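Shown next, in structure tokens, is the structure this report addresses.
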Amino acid sequence: MIREDKLLQDPLPEYVKIGLYLFDMFTIQSYKWKFSKGNLTYYDFSKAIDATDKLLSLGKKVRGHSIFWDVFKNIPDYVTALYPNETGLLTSKLFDHAFYMTNLTKTDRLEQMDVQNEHIAGQWYEEALGM
């Protein structure tokens, strides 16, 4: 993983230059829902996209990390607030988010993407929706 804020600095910090020299693929963690700068109706993953585009311009491959992170502390408050009174809206927002992220990254930006990360460490969505 590489810190997106450091990757987007000009000039690049030395450790980023070393990483770019040594590695061909990088993981961008700002695709995690909790890092969206938006809200329940408007997502903002511009930092992740900017970092991805920067790596691609340098000829590097990019891996996205992670559409859903099923650990309570890593889910945005505006999502967890939907439980327990609005589970129908919660389900709808999960689908919306998956489609949004797929459309955002399907333009050959990413080599790989985690859809669900660390499922053993947390299963908040499944528990909230009774799955």
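Side chains are part of it too, since the values below use all heavy atoms of this structure and drop only hydrogens, waters and symmetry mates. Since we're looking at a predicted model, the values are computed, not measured. Heads up: numbering here begins at 1 and tracks the sequence.
For the pair D114/I67, no side-chain contact is recorded, criterion being any heavy-atom separation below 4.5 Å from C-beta on. Within the 4.5 Å cutoff, no side-chain heavy atoms of S46 are placed close to those of I49. The side-chain heavy atoms of T105 and T52, taken from C-beta on, include no pair separated by under 4.5 Å.
Listed here is the closest heavy atom pair of I28 and A51: CD1-CB, 3.8 Å. The minimum heavy-atom distance between I2 and L7, with the atom names listed, is CD1-CD1, 4.3 Å. Listed here is the closest heavy atom pair of H65 and M113: N-SD, 3.9 Å. Between A128 and L90, the shortest heavy-atom distance links the atoms CB-CD2, 4.1 Å. Here the closest non-hydrogen pair linking V115 and S66 is O-OG, 3.9 Å. Nearest heavy atoms, Q29 versus E4: N-OE2, 2.9 Å.
A chain of hydrophobic side-chain contacts below 4.5 Å, direct or via other Ile, Leu, Val, Met, Phe, Trp or Tyr residues, connects Y15 to L22. Transitive grouping of hydrophobic side chains (ILVMFWY, heavy atoms separated by less than 4.5 Å) keeps Y42 and V79 in distinct clusters. Note on L129: it does not cluster hydrophobically with V71, by side-chain heavy-atom contacts below 4.5 Å among ILVMFWY residues. Taking hydrophobic clusters as Ile, Leu, Val, Met, Phe, Trp and Tyr residues chained together by side-chain heavy-atom distances below 4.5 Å, Y78 does not share a cluster with F35. Hydrophobic clustering, with ILVMFWY side chains joined whenever heavy atoms are under 4.5 angstrom apart, groups L94 together with L104.
Every residue was checked against the side chain to side chain donor-acceptor pair (under 3.5 Å) condition with S36, not counting sequence neighbours, and none meets it. Under the rule for a side-chain contact (heavy atoms from CB on, under 4.5 Å), the partners of E14 that lie at least two apart in sequence or sit in another chain are K17. With sequence neighbours excluded, the residues satisfying side chain to side chain donor-acceptor pair (under 3.5 Å) with R109 are D53. In this structure, the ring pair (Phe, Tyr, Trp, His ring centres under 6.0 Å) partners of Y125, at least two apart in sequence or on a different chain, are F68. With sequence neighbours left out, the side chain to side chain donor-acceptor pair (under 3.5 Å) criterion links D5 to R3.
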- Item | Working for side-chain contact (heavy atoms from CB on, under 4.5 Å), residues Q116 and D70 | CA-CA 7 Å; Q116 164 58 300; D70 214 359; 3.0 Å; yes

- T27 vs V62, side-chain contact (heavy atoms from CB on, under 4.5 Å): CA-CA, chis, key distance, verdict: CA-CA 6 Å; T27 299; V62 182; over 6 Å; no

- Could you walk me through whether F45 and M101 pass the side-chain contact (heavy atoms from CB on, under 4.5 Å) check? CA-CA 9 Å; F45 289 94; M101 295 306 291; 3.6 Å; yes

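Within the structure, every pair that satisfies the side chain to side chain donor-acceptor pair (under 3.5 Å) test and touches residues 89-104, not counting sequence neighbours, is listed here: N103-K106.
In this structure, CZ on F72 lies 15.5 Å from CD on Q123, to the nearest 0.5 angstrom. Remark: L8 CG to D50 CG distance equals 6.0 Å, nearest 0.5 Å. Remark: K54 NZ to L20 CG distance equals 8.5 Å, nearest 0.5 Å. From W33, atom CH2 reaches atom OH of Y43 across 4.5 Å, with rounding to the nearest 0.5 Å.
Of the N and O atoms on the side chains of N39 and T41, at least one donor lies less than 3.5 Å from an acceptor on the other residue.
Looking at E111, its side chain never comes within 3.5 Å of a backbone N or O of M25 through a donor-acceptor pair. Under a 3.5 Å cut-off, the side chain of T80 and the backbone N or O of D77 do form a donor-acceptor pair.
The aromatic rings of F23 and F26 sit perpendicular to each other, their planes meeting at more than 60°, with 30° as the lower class boundary.
Surrounding NZ of K34 are more than 12 heavy atoms belonging to other residues, nucleotides or ligands, all under 6.0 Å away.
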